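The model shown is predicted, which means the values in this text are computed figures rather than measured ones. Below, chains carry the letters A, B, ... as their sequence lines are ordered, and counting in each starts from 1. What you see below is based on every heavy atom in this structure, not just the backbone, and it leaves out hydrogens, waters and symmetry mates.
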Protein chains: 2
Amino acid sequence: LEDRFGITYQLSCIEGERPEEKAGRIAFEQTVELPQNCVPPDIRERIVGRMERLEPIAERRFEAEISYAQETVGEEFPQFLNLLFGNISLQRGILVTAVEWPASWLARFAGPSFGIDGIRRLCGVEGRRPLLSAALKPLGLSAGALARMAGRFAAAGVDIIKEDHGLADQPAAPFMERMEKCCEAVAEANAVRGGSSLYIPNLNCNSELLDSRLAVAKRMGVKSVLLSPLLIGPDTMRRVAATSGLAVLAHPALSGAYFHDDHGIAPELLLGQIFRILGADAVIYPNAGGRFPFSIERCLAIDSKLRGRLGSIRSAFPVPGGGIDSGRLSCWAKRHGPDTIFLIGGSLYARRDPAGAGGELLEMLKADFS
Amino acid sequence: LEDRFGITYQLSCIEGERPEEKAGRIAFEQTVELPQNCVPPDIRERIVGRMERLEPIAERRFEAEISYAQETVGEEFPQFLNLLFGNISLQRGILVTAVEWPASWLARFAGPSFGIDGIRRLCGVEGRRPLLSAALKPLGLSAGALARMAGRFAAAGVDIIKEDHGLADQPAAPFMERMEKCCEAVAEANAVRGGSSLYIPNLNCNSELLDSRLAVAKRMGVKSVLLSPLLIGPDTMRRVAATSGLAVLAHPALSGAYFHDDHGIAPELLLGQIFRILGADAVIYPNAGGRFPFSIERCLAIDSKLRGRLGSIRSAFPVPGGGIDSGRLSCWAKRHGPDTIFLIGGSLYARRDPAGAGGELLEMLKADFS
């Protein structure tokens, strides 16, 4: 298998559907898109997926592994995504759960430019403790108000101050004005405090604007940007991560469309492995017990894919968020461990002094992991 | 409502879930991402979605309409997608079924540069009849073999010869060589026959390569390209459609992730309206009765969204495909009507002489619509 993609599927069969046929159709659909009898024998051998394994795992549910030659993909990522789930997304009962990556193909990808160690360095954090990220929000505040909040978080020593991914270029806080004011406020607070709080603006925007916004961001001293790969295009995130010199924090907007129990792409594969290969240095996902229905097992599986060995690709920070109760942070820190960024949004804003509350959380994390 | 986005959702409630609360949470989640009690009153008024309507439509199923001010989006498309389904993709039981577009916002989008009339002109088709598209495949053939097939389809007068969306830049038929040879073969056949068959290469590729490939395509005389917006990024398709001068045929790869009965974005909204606003001149989707589970009602709903009135945005061609039996084309042509491109792939390749069979189908369409 070493030179082939090994893709594992969970197949849910409806009444009368035979798993061998369902798996066989995937092998053709994702490659030649032709009925079996129209495929020349040499192409069938070289190109059509090869059934490696098929076994029952539950009532009407089967696990199949199909392998594909690298030449079905070539060197480009969009065609990999297409092989993975392009046409079969339109069928039902097919969940892609895992990929075995050919080492030589993986080696083409730079992956995270910073990774866990690099992000810690950017934040000036020396010990091995979780990082704390606050979120700048809500949409509707002025650039000045958001910048003041950013400055306060930095003054409280919060490691990371990321913008909400819904802050784009709206009239209340136009992108350029917001980024400039936030950069200044955070730089000023860092200077006063001798800190290194990292401000992460949201760079989702129309494709024509992306490169010029990145250039301005760098001129303003920005070191890291927030991108939602499914909003701007997964390969666009890869390009930014590989070429901009900025650390990339990835947001999972739209990704939940893929996360059905019997159809889609498993979260630990999409968020934990694909986003990492695409160069995300840190990946936000919804923590268990918050506003979204992820289980703790799912979260730990994502953690493990982000941090685990993957060729020579750097590990990336898991960033559980989406409704973490600050009162339970200590618990969550034990579960997720030190190589985690905790994104605390609403729970800080529910406090009278969000920045002060952030500072206290940070002291708690430092104490817990000292 | 005229200046606001009106978004219609179908909400499926689990035991104990109250529809008013579910709808209310959407209005906050998609805008301020904060609990109600943390949102300043003026922002609540300006930014949080406003409940316009909520009514039961079936057992535990409700239709809600929530409206959002344009200032929640600004002018950029990625943030519109985020408003539409960004975070709520990660929750369950939320299907976005329709959008009422603010006229002034829609007016920012060029939409299809060619549209139905423009594509007919490109193909030199004067009467109002359906167009026929063949597919160049399979992956694994050499560039020369694909080009010979393209030339034969053109010699048979087939209106459109589109590449499979899985033909990227693989070693068997590298992109540049394939495009060059196919262009030559189709141009030669067109010259001999006095025809205008349209060759449509697949332009999905890494983001760094897209603009140079588009430039080469134009130099070679290409008039239209195939793009999969969810593989390369929806906004990237918009940029290509708006700036390249080429007609865009959109492929639905990955889109099926959104097409669940109780969660996602309805196909007629995503393929029929959003792809059109993004500038697709023609949109491929899986026809009823083929390899994918779309009903004929669904297909006709997509047709109607692609062709219907939408501000000043041109109408786009529906392109049913995905396993149309050539023997039933006449029937399908009656159902879908003359403003349709029929994409016939495998069914032609099952014939001894695919190009000849394509030519016969074309004559049949001409006779049916004369």
Side-chain angles (χ1 to χ4, degrees), chain A residues 31-35 38-39 43 46-47 71-79 81-82 85-87 89-92 137-141 164-166 168-172 204-208 228 231-233 235-236 239 252-260 264 286 292-293 345-346 349-350, chain B residues 31-35 38-39 43 46-47 71-79 81-82 85-87 89-92 137-141 164-166 168-172 204-208 228 231-233 235-236 239 252-260 264 286 292-293 345-346 349-350:
Chain A
T31 53
V32 291
E33 288 191 66
L34 276 177
C38 303
V39 181
I43 289 183
R46 280 164 39 220
I47 302 292
E71 69 167 312
T72 60
V73 172
E75 305 190 6
E76 296 172 13
F77 206 85
Q79 169 58 10
L81 275 185
N82 184 45
F85 201 57
N87 273 9
S89 74
L90 291 154
Q91 293 170 335
R92 297 293 86 168
K137 57 172 71 180
L139 171 60
L141 284 186
D164 245 14
H165 75 293
D169 190 28
Q170 294 100 335
N204 293 332
C205 60
N206 276 6
S207 0
E208 295 91 334
S228 301
L231 295 177
I232 61 161
D235 195 68
T236 302
R239 181 177 68 80
L254 293 182
S255 67
Y258 293 88
F259 301 158
H260 291 266
F292 303 93
Y349 286 95
Chain B
T31 53
V32 291
E33 288 191 67
L34 276 176
C38 303
V39 182
I43 289 184
R46 279 164 39 220
I47 302 291
E71 70 167 311
T72 60
V73 172
E75 306 190 5
E76 295 172 15
F77 206 85
Q79 169 59 11
L81 276 184
N82 184 44
F85 202 57
N87 272 9
S89 75
L90 291 154
Q91 292 170 335
R92 297 292 87 166
K137 55 172 74 181
L139 171 60
L141 284 187
D164 246 12
H165 75 294
D169 190 28
Q170 294 99 336
N204 292 331
C205 59
N206 277 6
S207 1
E208 295 91 334
S228 300
L231 294 177
I232 61 160
D235 196 68
T236 301
R239 181 177 69 79
L254 293 183
S255 67
Y258 293 88
F259 301 158
H260 290 266
F292 303 93
Y349 285 94

Measure distances from [X] to the heavy atoms of chain A and classify the residue's part below 4.5 Å as side chain, backbone, both or neither.
{"X": "B:Arg46", "answer": "side chain"}
{"X": "B:Ile47", "answer": "side chain"}
{"X": "B:Leu139", "answer": "both"}
{"X": "B:Val73", "answer": "backbone"}
{"X": "B:Pro293", "answer": "both"}

Non-hydrogen atoms of [X] and [Y] that approach each other most closely:
{"X": "A:Phe292", "Y": "B:Asn87", "result": "CE2-O, 3.4 Å"}
{"X": "A:Gly256", "Y": "B:Ser89", "result": "N-OG, 3.0 Å"}
{"X": "A:Glu71", "Y": "B:Ala172", "result": "OE1-CB, 4.3 Å"}
{"X": "A:Cys205", "Y": "B:Pro78", "result": "O-CG, 3.5 Å"}

What option among [options] has the most heavy-atom pairs under 4.5 Å with chain A?
{"options": "B:Thr236, B:Asp164, B:Asn204", "result": "B:Asp164"}
{"options": "B:Pro252, B:Pro286, B:Pro35, B:Cys38", "result": "B:Cys38"}
{"options": "B:Gly233, B:Gly74, B:Gly166", "result": "B:Gly166"}

Which of the residues A:Asn206, A:Ile43, A:Val32 is involved in the greatest number of heavy-atom pairs with chain B at under 4.5 angstrom?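 Going by pairs under 4.5 Å, I would pick A:Asn206.
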Could you look at [X] and say if it's the side chain, the backbone, both or neither that has a heavy atom under 4.5 Å from chain B?
{"X": "A:Thr72", "answer": "both"}
{"X": "A:Ala350", "answer": "both"}
{"X": "A:Leu81", "answer": "both"}

Drop me the distance from A:Asp169's CG to B:Glu75's CD, to the nearest 0.5 angstrom.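 It comes to 7.5 Å.
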Output the distance between atom CD1 (B:Ile232) and atom CD (A:Glu76), rounded to the nearest 0.5 Å.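 One gets 11.5 Å once the value is rounded to the nearest 0.5 Å.
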Which residues pass the ring-ring contact (aromatic ring centres under 6.0 Å, His included) test with A:Phe77, sequence neighbours left out?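 So A:Phe77 forms a ring-ring contact (aromatic ring centres under 6.0 Å, His included) with A:Phe80, A:Phe109.
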What I'd like to find out is whether the side chain of B:Val39 reaches to under 4.5 Å of the side chain of A:Tyr349, using heavy atoms alone.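 No, every pair of side-chain atoms sits at 4.5 Å or beyond.
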Any sub-3.5 Å donor-acceptor pair from B:Lys137's side-chain atoms to A:Glu33's backbone N or O?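 Yes, the answer is positive, given that a donor and an acceptor are paired below the 3.5 Å cut-off.
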Donor-acceptor contact below 3.5 Å, side chain A:Asp235 vs main chain B:Ser207: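 Yes: the side chain of A:Asp235 pairs with the backbone of B:Ser207.
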Ring geometry between A:His260 and B:His260 (parallel below 30°, tilted from 30 to 60°, perpendicular above 60°):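 B:His260 vs A:His260 ring planes: parallel.
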Mind checking what makes side-chain hydrogen bond (donor to acceptor under 3.5 Å, both in side chains) contact with B:Gln79, not counting sequence neighbours?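 B:Asn82.
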